[in-house]
Amino acid sequence: MKRGLFITFEGVDGVGKTTQAERLRDYLTQPTALQDYLDVPRPTVLLTAEPGGTPLGEKIRQLLLDPSSRMGKRAETLLFAADRAQHVAEVIKPALEKGQTVICDRYTDSTVAYQVGGRELDEGDVERLNMWATQGLQPDRTYLLDMNPLDRRLTGEVDRLEGQCFEFQNRVRRKFLDLAKQYPERIMVLDGSLSREQVWTLIKGDVDRILAERASAERLA
Ligand code: TYD
């Protein structure tokens with residue numbers, strides 16, 4: 001069976017990526033008129049998030065976000081990697097192997113942006129850690145919602161990472177944009193200051209194109 005499609009959403013906090021990820025999940029689970037007619041089962045789409053996509057990850061997430069946690073940057077990075085290793089092994093890989101589409105709210109690019117860009121750890125070290133934790137599993141497509149951290153819409157209580165200063169958030173943003181330059185085939189940058197509707201139209205157009213390409217590749221195979 002063909003491996004499912006793996007899509008990730010990335011960006012600084014409060015940029016609206018969770019809303020877009022949910023919208024994409026809803027869009028992909030809607031049966032099309034043709035599927036209805038042919039009585040094809042609805043595609044299975046899994047929406048998940050990091051940190052916290054497994055029972056172990058939920059505990060790790062609490063440690064990571066608690067403003068009272070005293071935590072060095074290496075310990076922080078290893079906890080994100082531990083969360084991800086469990087998430088890949090327990091949730092993401094098995095779903096993809098069953099042919100399901102997986103949408104993940106944050107993945108390895110967040111560790112590069114926050115722990116290399118924000119915390120200024122060594123990029124090579126973090127890349128190797130990411131590869132090791134994920135067993136080399138990379139997304140097929142990444143939507144990076146970009147926004148000036150000053151324009152973010154933060155709601156609710158501010159967690160340990162959201163509470164970092166503007167310079168930190170700006171280094172995170174720059175690192176995300178560097179990654180997009182490094183991997184232009186995988187990462188699509190979307191202007192987070194556009195309306196939700198405009199951002200969604202761009203994502204939908206791109207996903208439709210990817211699905212059409214996959215369908216024609218399957219027909220040729
Ligand atoms: P987030 O998805 O923003 O949680 P919530 O939507 O509840 O705010 O992620 C929590 C924080 O963790 C966020 O500030 C980004 C940060 N983060 C890292 O620093 N490194 C990582 O590898 C990941 C996945 C997240």
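If you're wondering where the values come from, they're calculated on a predicted model, not measured in any experiment. One-based numbering, in listed order, for ligands and for the atoms of each.
Between Asp206 and Arg209, at least one side-chain nitrogen of the basic residue sits less than 4.0 Å from a carboxylate oxygen of the acidic one, meeting the salt-bridge criterion. Residues Asp178 and Arg171 are not paired through a salt bridge, judged by the lack of any N-O separation under 4.0 Å between the basic side chain and the carboxylate. Using a 4.0 Å cut-off between a side-chain N of Lys or Arg and a carboxylate O of Asp or Glu, Asp109 and Arg186 qualify as a salt bridge.
Applying the 4.0 Å criterion to heavy atoms of Gln115 picks out, from ligand 1, the atoms 18 (C), 19 (O), 20 (N), 21 (C), 22 (O). Taking every non-hydrogen atom of Leu65 and a distance limit under 4.0 Å, the qualifying atoms of ligand 1 come out as 10 (C), 11 (C). In the vicinity of Asp159, heavy-atom distances shorter than 4.0 Å reach the ligand 1 atoms 8 (O). Within ligand 1, the atoms closer than 4.0 Å to a non-hydrogen atom of Asp13 are 3 (O), 13 (C), 14 (O), 15 (C), numbered from 1 in the order shown.
Protein heavy atom in closest approach to atom 24 (C) of ligand 1: Arg84 NH2, 3.5 Å. The nearest protein atom to atom 18 (C) of ligand 1, hydrogens excluded, is given as Phe80 CZ, 3.1 Å; this is a heavy-atom distance. Among all non-hydrogen protein atoms, the one lying nearest atom 8 (O) of ligand 1 is Glu162 OE2, 3.3 Å. Remark: minimum distance from atom 9 (O) of ligand 1 to any protein heavy atom is reached at Arg106 NE, 3.4 Å.
Leu190 is connected to Trp200 through a chain of hydrophobic side-chain contacts under 4.5 Å among Ile, Leu, Val, Met, Phe, Trp and Tyr, so both are in one cluster. Transitive grouping of hydrophobic side chains (ILVMFWY, heavy atoms separated by less than 4.5 Å) brings Tyr183 and Phe176 into a common cluster.
Residue contact annotation: Asp105 has no non-hydrogen atom under 4.0 Å from ligand 1. Using a 4.0 Å cutoff on heavy atoms, Ala49 does not count as a contact of ligand 1. At least one heavy atom of Arg61 sits closer than 4.0 Å to an atom of ligand 1. Remark: distances from the non-hydrogen atoms of Thr18 to ligand 1 are all 4.0 Å or more.
Residue-level proximity to ligand 1 for Thr111 is carried by backbone and side chain together, each with a heavy atom below 4.0 angstrom. Contact annotation for Lys17 and ligand 1: only side-chain heavy atoms (C-beta onward) come within less than 4.0 Å of the ligand. Neither the backbone nor the side chain of Glu76 comes within 4.0 Å of ligand 1, counting heavy atoms alone. Proximity of Asp83 to ligand 1, defined as any heavy-atom pair under 4.0 Å, is not found for any part of the residue.
Atom CZ of Arg196 sits in a sparse spot, with 12 or fewer heavy atoms from other residues, nucleotides or ligands closer than 6.0 Å.
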- [ ] List the steps, then state whether salt bridge (charged side-chain N to carboxylate O under 4.0 Å, His left out) holds for Arg106 with Asp13.
- [x] CA-CA 10 Å; Arg106 295 196 184 281; Asp13 309 87; 3.5 Å; yes

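For Tyr114 and Phe80, the ring centers sit 6.0 Å or farther from each other.
Put simply, the residue from Glu10, Glu123, Glu120 that forms a salt bridge (Lys or Arg N to Asp or Glu O under 4.0 Å) with Lys175 is Glu123. The one candidate from Asp191, Leu194, Thr19, Val15 that meets the side-chain contact (heavy atoms from CB on, under 4.5 Å) condition with Val199 is Leu194.
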